[in-house]
Asker: 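Please see the structure below; I have some questions.
A, B, ... follow the sequence lines: proteins, then strands. Residue 1 opens every chain. Basis for what follows: all heavy atoms, side chains included, without hydrogens, waters or symmetry-related copies. These figures come from a predicted structure and were not determined experimentally.
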Amino acid sequence: MFALCDVNSFYASCETVFRPDLKGRPVVVLSNNDGCVIARSAEAKPFVKMGEPYFKQKDLFRRHGVVCFSSNYELYADMSNRVMTTLEEMSPRCEIYSIDELFCDLTGVRNCRDLTEFGREIRATVLQRTHLTVGVGIAQTKTLAKLANHAAKRWQRQTGGVVDLSNVDRQRKLMAALSVEEVWGVGRRITKNLESLGIKTVLQLADTDIRFIRKHFNVVLERTVRELRGEQCLELEEFAPVKQDIICSRSFGDRITAYEDMRQAICSHATRAAEKLRNEHQYCRFISAFVKTSPFAHNEPYYGNSASVKLLTPTQDSRDIILAATRCLDTIWKNGCRYQKAGVMLGDFYSQGVAQLNLFDENAPRKNSQKLMDVLDRLNTEDGRGTLYFAGQGIQQKWQMKREMLSPRYTTRYADLLTVK
DNA sequence: TCTGGGGTCCTAGGACCC
DNA sequence: TCTGGGGTCCTAGGACCC
């Protein structure tokens, strides 16, 4: 038996926790560069579209008195940690699935207590400790638990935010009322294809012949269908598997046209990617960089390109990664473009210690590389990111992203502590 | 003027092996 | 007229998730 707990309107709720004056008002949180809407409070949901550009809805927001925030990831990450710690205390085995979602294994819990009651206790505890509200969905498989969670949210008033879907008759009743697009793993494309085959409700999907699904789709959807029938195909992943690639990319606050600015941006992304790589205790051989202009600017030609290198010896040294990334940039840089976004990607990972040195590598391994990286990481952890940085990252960084409606980092900076009058 | 930033898994097809 | 059969590995692209 699984439970899926997720925080209602997570980013928007993190903002309102510290702003009781916003109670009852529509609140939205925007993506980086204040680009798109990525979270909405319950009050904003009826008339604000998810994923829509901010600039297109600005007037609407003004008319409705919508309060906007730039995304404040430092705040959300800290609030997420508080929620997850609380949930992990209450449940023996957990999987943190995303910044605001967690699966619990309730296998043993079922024997000693009522699951709905347990769900309510989870809700009450998280609410008391964080002032955030979670929805809880309970069922035999992860896919069904997700569906139960969806129902808990959709009919929050009737369900009290907790739905135990372990009863098969209840499962079928709910599935008959929901359309296939609500199923975890069924996106826009598959919804369209299913509908063209006459499969519209979740119940119809669950009752479709497995061989038919396999023939028209793939093994991924087959697993989803089996899970909807109560057959467990997905395990609880208690321990995060090691990453297979790392990407650092950003849109620019203003378009970049000068090579020097782009070089700084690529250098910064490479530095950040190298930090993440060392944090994973990995070495990489594959390094690539990409640049692109805006895909939405119809009055100028689109240009997007990427280049990559494969090192002979795996590395985790920022200097190697910066060098490789900027070399990639030099092969794809084109003058005269108004660049909107750039990034660096690392892949082909090797674990620490098993990196095989190459007999013919003309670049001898750097001396004291590890010691230097240790010092770099320690200073930047203890005294804050950016304490020690590479000259190539630049000092002005006029390409930095825009965040004009940023809230204070209430829980992680003394200077940002909430003042109570 | 202005449209996010990460990730995962699977499949098909090509190159290559004997 | 007619040119096998069985594999592996890698990559690009498409789908999905939050």
Side-chain angles (χ1 to χ4, degrees), chain A residues 4-11 28-39 49-59 61 68-73 76-77 80 95-103 142-143 146 149-150 180-194 213-224 233-234 237 240-255 257 269 272-273 276 280 285-286 288 290 292-300 302 306 308 310 338 340-349 401-405:
Chain A
L4 175 70
C5 313
D6 92 324
V7 182
N8 296 345
S9 311
F10 181 54
Y11 291 174
V28 304
V29 176
L30 305 174
S31 61
N32 281 344
N33 280 309
D34 301 333
C36 302
V37 172
I38 55 168
K49 269 198 232 146
M50 187 73 162
E52 279 285 292
Y54 170 56
F55 74 91
K56 282 190 182 172
Q57 304 190 80
K58 235 179 200 167
D59 289 337
F61 287 1
C68 296
F69 289 98
S70 304
S71 21
N72 185 344
Y73 288 106
Y76 310 150
S80 173
E95 169 188 343
I96 296 173
Y97 175 65
S98 76
I99 193 158
D100 74 327
E101 284 176 80
L102 178 143
F103 283 105
K142 283 176 150 186
T143 306
K146 270 277 206 184
N149 180 281
H150 176 83
V180 287
E181 65 191 331
E182 314 293 357
V183 174
W184 187 38
V186 177
R188 268 214 316 271
R189 197 63 182 268
I190 292 178
T191 297
K192 225 182 95 194
N193 291 343
L194 283 171
I213 295 293
R214 195 58 191 264
K215 192 175 150 211
H216 291 275
F217 298 91
N218 54 33
V219 66
V220 183
L221 193 64
E222 174 179 341
R223 282 200 280 258
T224 299
C233 302
L234 304 171
E237 286 176 27
V242 286
K243 284 193 198 307
Q244 301 190 24
D245 38 45
I246 287 171
I247 300 171
C248 288
S249 70
R250 282 284 175 288
S251 300
F252 306 119
D254 292 308
R255 300 280 182 265
T257 50
H269 296 325
R272 181 78 192 107
K276 289 188 190 173
E280 291 276 313
R285 274 188 68 198
F286 175 88
S288 84
F290 73 85
K292 53 189 273 191
T293 62
S294 171
F296 301 102
H298 298 299
N299 47 355
E300 48 187 284
Y302 175 77
S306 72
S308 65
K310 196 104 185 180
R338 294 175 65 246
Q340 176 246 358
K341 185 175 181 176
V344 169
M345 184 169 160
L346 309 180
D348 198 8
F349 293 166
M401 65 179 172
K402 269 198 193 91
R403 297 155 99 190
E404 286 170 350
M405 294 158 279

Asker: Would the number of heavy atoms belonging to other residues, nucleotides or ligands and lying under 6.0 Å from NZ of Lys49(A) be above 12?
Answerer: no
Asker: For the backbone of Gln340(A) and the side chain of Thr293(A), can you confirm whether one donor and one acceptor N or O come within less than 3.5 Å of each other?
Answerer: no
Asker: Less than 3.5 Å apart, any donor N or O on the side chain of Asp100(A) or Ser98(A) sitting next to an acceptor on the other?
Answerer: yes
Asker: So what does Arg403(A) hit on the nucleic acid, given a heavy-atom distance under 4.0 Å: a base, only sugar-phosphate, or nothing?
Answerer: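 Touches nothing.
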Asker: Are there over 12 heavy-atom neighbours, none belonging to Lys192(A), within less than 6.0 Å of that residue's NZ?
Answerer: no
Asker: Report the residue (Val219(A) or Ser251(A)) whose heavy-atom-nearest nucleotide on DNA chain B is the more 5′ of the two.
Answerer: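 Closer to the 5' end of DNA chain B: Ser251(A).
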Asker: With a 4.0 Å cut-off on heavy atoms, is Lys192(A) in touch with a base, just the backbone sugar-phosphate, or nothing at all?
Answerer: nothing
Asker: Can you tell me the base-pairing partner of dT11(B)? Count Watson-Crick or G-U wobble geometry only, both distances below 3.5 Å, and say none if there is no partner.
Answerer: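 Result: dA12(C).
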Asker: Contact between Arg214(A) and Val219(A) at the side-chain level, heavy atoms closer than 4.5 Å - yes or no?
Answerer: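 Heavy-atom side-chain distance check passes, below 4.5 Å.
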Asker: Report which part of the nucleic acid Tyr54(A) touches: base, sugar-phosphate, or nothing (heavy-atom distance under 4.0 Å, all strands).
Answerer: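 Since no nucleic acid heavy atom lies under 4.0 Å of Tyr54(A), the category is nothing.
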Asker: Does anyone know the first and last nucleotide of DNA chain B in reach of chain A, 5' to 3', at under 4.0 angstrom to a heavy atom?
Answerer: dC2(B) to dT11(B)
Asker: Classify the nucleic acid contact of Ile246(A) as base, sugar-phosphate or nothing, counting any heavy atom under 4.0 Å across all strands shown.
Answerer: sugar-phosphate
Asker: If every non-hydrogen atom of Val37(A) is compared with every non-hydrogen atom of Gln57(A), which pair is closest and at what distance?
Answerer: CG2-NE2, 3.5 Å
Asker: Using heavy atoms to find the nearest nucleotide of DNA chain B for Lys58(A) and Arg214(A) separately, return the residue whose nucleotide is more 5′.
Answerer: Lys58(A)
Asker: Which part of the nucleic acid, if any, lies within reach of Lys276(A) when heavy atoms closer than 4.0 Å are counted: base, sugar-phosphate only, or nothing?
Answerer: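 Answer is sugar-phosphate: Lys276(A) comes under 4.0 Å of backbone atoms only.
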